[in-house]
Enquirer: 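Pasting in a structure now, in structure tokens, and then I'll have a few things to ask.
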Amino acid sequence: MAIKVYSSLSRVKEVFEPIHDGWVGIYVCGPTVYDWTHLGHARTYIAFDAIVRWLEYRGYRVFYVQNITDVGHLTEAGEDKVVGRAIREKVEPMALVEFYMREYFRDMDVLGVRRPDVSPRATGHIIDMIEVIKRLIEKGYAYEVDGNVFFDVSRFPDYGKLSRVKLEDMIAGARIDVHPGKRDPRDFALWKKAGEDYPLKWVSPWGYGFPGWHIECTVMAMRYLGEQIDIHGGALDLIFPHHENEIAQAEAFTGRKPFVKYWMHTGLLTVNGEKMAKSLGNYVRIRDVLDKFSPAAVRLFILSTHYRSQLDYREEKLVEAEANVKRLMNSLTRLEEAKVERASDKPASSEERRILEELYRLSSVFDESMDDDFNTAEAVSFLFEICRAVNKLVDLPSINRAILSEAETIFKGKLRVLGLPDTPSRREVSSKLVEALIDIIIDVRNEARKRKDYATADEIRRRLASIGVKLEDLPGKTIWRIEEAI
RNA sequence: GCCGGGGUGGCUGAGAGGCGUAGGCGGCGGGCUGCAGACCCGCAUCACAGGGGUUCGAAUCCCCUCCCCGGCUCCA
């Protein structure tokens, strides 16, 4: 029953034991809101959404913090992303931020990603950052050069423990911004000096400027979760330098180790086998995917692969996920129908008891999968088996009420924990009036069927299908659902 | 150059020494049905890149080879 979590730091699965009994603090690096959110964001945030849901399902109180980066995130050329874009579009930087932040939340809401408990913004924590930077200078971990402040990597011997990047290799390999004032090319900026007419700057002990990217997460994580936190997550590409630098800042500042007990990283998303990159022009916006596919299909697509694996986006896979969602939703419709039509108080038959036993078993292996480093991919396979068992049960001519209710609890519970819809879709687009009307039409059609007037019956079915209402004749009963709203 | 992750049946994609030939899709056959759909059951020369090795036993561990993808630079 213990949860196991793969830690990027130790590179093995560890038994999950939060620092405070029964309470989990989790920080996930949020987006820099200067552009539309893409499928990679969806991947990461849906994965962590499922993780948070699972921890709660297992009885933990979870406090989830995910930042909004609205300053300090620089491009390769050393330009602040938000500022650069705002200047090009001739808008106030914070208006740009506001726009994309709202769109981000909208996308996440549609995808059923529950909002974090706190969504702190970097610009709202400049004072905290300045305080931490001051302290780092006092402790000798940072130094000022002409209005810039750098972290002195040589003072932090653990540097590289997360990414396993060796300092020598860094110097040899990558392009590093060699600011003239840096003592060592590996040192990174905590505070950057801003020119006179720079639109986004704050006053500090070192003059006007703005914070570096890495310091915001360290500061906000500590502010809301304490000096040591249980889980810190993000996508794989943040390990170096972002998370490496966060560790250096936090542990240097507090003198306490470790800053983070479990580092969790999601695998990256590729598109048709290639990495997703602006330069390749293959960015897939969440918005565009949702134009074609249901949110549930997107979630199922993402959760069908383990969160640490690389995930390749291809449209056919979404088509398949959509079909799978339909399978699950069909089953829910049948369950609803069985509840009102065929629930009985007769003692359970041996067949019913067999199915119930099977459901209990599947429920428990589902849970084991999730406990094992949140293996949603394996859990999904059991979800489909639960679905099949439910179908078998509701196919029976009469079903023991208690068993039916147990089946419903199990099935819906698993759907919910994965953030999938647990009610048949027709509820969302119909109304009492629509339902009553369709029931009348169905009655008329069934009268025709009794008369063996199949031409009329088929015509009614065809015309209903053409407006998105799908009929299904079951023994003694016709059920319907809305496939695509007109 | 330095670090990772992979190569599994027609496709997709879990599993990481025996404990379910995962699951889904597609295909075929059967059941149910007026038909259709949905659903249920069964089947597929029962697959794990190639070559060695360890083991009573390997898709899973070790070694070698080939191929793919990613990180090291802004990125979720």
Side-chain angles (χ1 to χ4, degrees), chain A residues 8 11 28-32 34-35 37-48 66 69 73-81 160 163-166 168-170 172-177 213 233-242 244 265-270 273-279 283 300-301 304-306 308-312 314 316-317 319-321 323-324 326-328 330-331 333-334 361 365 369 372 375-385 387-392 394-396 449-450 452-455 457-458 461-462 465 470-475 479 481:
Chain A
S8 307
R11 311 221 174 163
V28 174
C29 286
T32 301
Y34 72 108
D35 204 348
T37 42
H38 54 69
L39 252 196
H41 295 111
R43 202 273 162 102
T44 295
Y45 302 129
I46 286 173
F48 279 105
Q66 187 197 103
T69 297
H73 199 160
L74 306 184
T75 65
E76 231 172 298
E79 175 189 66
D80 184 296
K81 290 183 171 188
S163 59
R164 318 231 166 150
V165 168
K166 292 198 181 62
E168 311 81 69
D169 297 337
M170 272 181 68
R175 292 171 280 177
I176 297 173
D177 168 34
W213 176 37
L236 208 63
D237 54 355
L238 295 181
I239 289 180
F240 189 85
H242 189 56
E244 195 66 63
H265 292 97
T266 53
L268 299 182
L269 181 100
T270 56
E274 286 183 310
K275 70 185 255 186
M276 186 168 71
K278 284 233 166 91
S279 53
Y283 256 59
L300 193 62
F301 159 68
S304 291
T305 296
H306 186 90
R308 283 192 279 116
S309 303
Q310 191 167 293
L311 173 64
D312 187 44
R314 291 220 318 265
E316 310 89 87
K317 293 191 190 175
V319 171
E320 192 175 316
N324 287 341
K326 208 149 121 190
R327 179 170 164 82
L328 296 170
N330 278 342
S331 193
T333 307
R334 298 162 80 86
R361 189 187 68 80
V365 290
S369 296
D372 184 13
N375 192 340
T376 56
E378 191 172 67
V380 163
S381 81
F382 294 126
L383 177 67
F384 279 102
E385 297 198 44
C387 174
R388 189 193 301 150
V390 167
N391 285 335
K392 245 187 266 189
V394 300
D395 270 350
L396 298 172
R449 290 174 72 209
K450 267 186 205 155
K452 301 216 189 294
D453 178 5
Y454 295 122
D458 290 349
R461 182 169 64 195
R462 193 192 63 74
K470 205 116 183 220
L471 299 189
E472 258 179 56
D473 296 322
L474 299 178
I479 63 172
R481 67 176 146 265

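Proteins get letters first, then strands, A, B, ... in listed order; numbering begins at 1 in each.
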Enquirer: Salt bridge check, A:Asp395 against A:Lys392: does any charged N sit closer than 4.0 Å to a carboxylate O?
Expert: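 Salt bridge between A:Lys392 and A:Asp395, a charged N being under 4.0 Å from a carboxylate O: no.
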Enquirer: Give me the distance, rounded to whole Å, that separates B:G6 from B:A59 when you measure between the C1' atoms they each carry.
Expert: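 About 14 Å, rounded to a whole number of Å.
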Enquirer: Could you identify the nucleotide paired to B:U60, looking across every strand shown and requiring Watson-Crick or G-U wobble geometry with both distances under 3.5 Å?
Expert: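 B:U60 is unpaired by these criteria.
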Enquirer: State the pairing partner of B:G1; accept Watson-Crick or G-U wobble contacts with both distances under 3.5 Å, and report none otherwise.
Expert: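 Base-paired to B:C72.
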Enquirer: Once you measure the plane-to-plane angle for A:His38 and A:Tyr283, does it fall in the parallel (<30°), tilted (30-60°) or perpendicular (>60°) bin?
Expert: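 A:His38 vs A:Tyr283 ring planes: perpendicular.
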Enquirer: Using the closest heavy atom to pick a nucleotide of RNA chain B for each, name whichever of A:Glu472 or A:Asp312 lands nearer the 5' end.
Expert: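 By nearest-heavy-atom nucleotide position, the 5'-most residue is A:Asp312.
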Enquirer: Is there a side-chain contact between A:Thr266 and A:Phe48, using heavy atoms and a 4.5 Å cut-off?
Expert: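 A side-chain contact under 4.5 Å exists here.
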Enquirer: A:Arg11 side chain: which of B:C39, B:C69, B:G4 is closest?
Expert: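 Side chain of A:Arg11 sits closest to B:G4.
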Enquirer: I'd like the C1' distance from B:G26 over to B:C43, given in whole Å.
Expert: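 B:C43 and B:G26 have their C1' atoms separated by 14 Å.
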Enquirer: Contact class for A:Thr305 vs. all strands (heavy atom < 4.0 Å): base, sugar-phosphate, or nothing?
Expert: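 Sugar-phosphate contact only.
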Enquirer: Compare side-chain N and O positions of A:Asn330 against OP1 and OP2 of B:A38 and report whether any pair is under 4.0 Å apart.
Expert: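 For B:A38, OP1/OP2 do not have a side-chain N/O of A:Asn330 under 4.0 Å.
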Enquirer: Just how far is it from atom CD of A:Glu320 to atom CZ of A:Arg314, taken to the nearest 0.5 Å?
Expert: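 Those atoms lie 9.5 Å apart.
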Enquirer: When the P atoms of B:G18 and B:U60 are considered, how many whole Å apart are they?
Expert: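 B:G18 and B:U60 have their P atoms separated by 12 Å.
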Enquirer: Any side-chain N or O of A:Ser309 less than 4.0 Å from the OP1 or OP2 oxygen of B:G6?
Expert: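 It does not, given that no N or O in the side chain of A:Ser309 lies less than 4.0 Å from OP1 or OP2 of B:G6.
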Enquirer: Can you tell me how far P in B:G27 sits from the matching atom in B:C67, rounded to whole Å?
Expert: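 Going atom to atom, P in each nucleotide, I get 36 Å.
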Enquirer: If a protein heavy atom is under 4.0 Å from the base, mark B; if only from the sugar-phosphate, S; if neither, -; do that for nucleotides 17-28 of chain B going 5' to 3'.
Expert: ---B-BSBS---
Enquirer: Please determine, for the side chain of A:Arg461, which listed nucleotide (B:C35, B:G37, B:G4) has the closest atom?
Expert: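 It is B:C35.
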Enquirer: Between B:G10 and B:C19, how far apart are the two C1' atoms, rounded to whole Å?
Expert: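 The same atom, C1', in both gives a distance of 30 Å.
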Enquirer: Determine the sole option in A:Thr44, A:Ile46, A:Leu269 for which the side chain to side chain contact (heavy atoms under 4.5 Å, CB included) test with A:Leu39 is passed.
Expert: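 Passing option: A:Leu269.
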Enquirer: From C-beta outward on A:Asp237, which listed nucleotide comes closest to its side chain: B:A76, B:C40, B:G70?
Expert: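 In terms of side-chain proximity for A:Asp237, the closest of B:A76, B:C40, B:G70 is B:A76.
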Enquirer: When the nearest nucleotide of RNA chain B is assigned to A:His242 and to A:Arg314 on a heavy-atom basis, which residue is associated with the more 5' position?
Expert: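 Its nearest nucleotide lies further toward 5', so the answer is A:Arg314.
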Enquirer: Base, sugar-phosphate alone, or nothing: which one does A:Leu236 contact when heavy atoms must sit under 4.0 Å apart?
Expert: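 Touches nothing.
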Enquirer: Please measure how far the P atom in B:C28 lies from the corresponding atom in B:G34, and state the result in whole Å.
Expert: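 Straight-line distance between the two P atoms is 24 Å.
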Enquirer: As an exercise, state the distance from CZ of A:Arg327 to CZ of A:Arg388, rounded to the nearest 0.5 Å.
Expert: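 Here the interatomic distance stands at 6.5 Å.
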Enquirer: Would you indicate whether the side-chain heavy atoms of A:Asp473 and A:Arg461 approach each other to under 4.5 Å?
Expert: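 Of all side-chain heavy-atom pairs linking A:Asp473 with A:Arg461, at least one is under 4.5 Å.
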Enquirer: If you look at every strand shown and take non-hydrogen atoms under 4.0 Å, does A:Leu39 touch a base, only sugar-phosphate, or nothing?
Expert: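 Nothing: the residue A:Leu39, judged by heavy atoms under 4.0 Å, touches no strand.
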Enquirer: From C-beta outward on A:Asp473, which listed nucleotide comes closest to its side chain: B:C39, B:G70, B:C35?
Expert: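 For the A:Asp473 side chain, the nearest candidate turns out to be B:C35.
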Enquirer: Classify the side-chain pair A:Asn375/A:Ser369 by whether it contains a donor and acceptor separated by less than 3.5 Å.
Expert: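 Short answer, no.
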Enquirer: Name the closest nucleotide to the A:Asp458 side chain, picking from B:G4, B:C72, B:C35.
Expert: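 So the side chain of A:Asp458 is nearest to B:C35.
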Enquirer: Ignoring backbone atoms, test whether A:Asn375 places a side-chain nitrogen or oxygen under 4.0 Å from the OP1 or OP2 oxygen of B:G15.
Expert: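 Yes, within the criterion.
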Enquirer: What's the closest nucleotide to the side chain of A:Lys317 if the choices are B:G37, B:G13, B:A76?
Expert: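 Given the options B:G37, B:G13, B:A76, the side chain of A:Lys317 is closest to B:G13.
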Enquirer: Can you tell me the Watson-Crick or wobble partner of B:G10, both distances under 3.5 angstrom?
Expert: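 Its partner is B:C25.
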Enquirer: So, OP1 or OP2 of B:A38: does either fall under 4.0 Å of a side-chain N or O from A:Lys326?
Expert: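 No, because none of the side-chain N or O atoms of A:Lys326 sits under 4.0 Å from OP1 or OP2 of B:A38.
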Enquirer: Would you say a side-chain N or O of A:Lys392 is under 4.0 Å from OP1 or OP2 of B:C41?
Expert: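 So the side-chain polar atoms of A:Lys392 do come within 4.0 Å of the phosphate oxygens OP1 or OP2 of B:C41, strictly under.
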Enquirer: Any strand is fair game: report the nucleotide pairing with B:C39 by Watson-Crick or G-U wobble, both distances under 3.5 Å, or none.
Expert: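 Paired with B:G31.
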Enquirer: Flag the pair A:Arg43 / A:Thr305 as yes when at least one side-chain heavy-atom distance between them is below 4.5 Å, and no otherwise.
Expert: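 A side-chain contact exists here, since the closest heavy-atom pair is under 4.5 Å.
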Enquirer: Between B:G13 and B:C25, how far apart are the P atoms? Round to whole Å, please.
Expert: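 These two P atoms come out 15 Å apart once rounded.
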Enquirer: Can you check the distance between B:U45 and B:C41, where both ends of the measurement are the C1' atom (answer in whole Å)?
Expert: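 That atom pair is separated by 23 Å.
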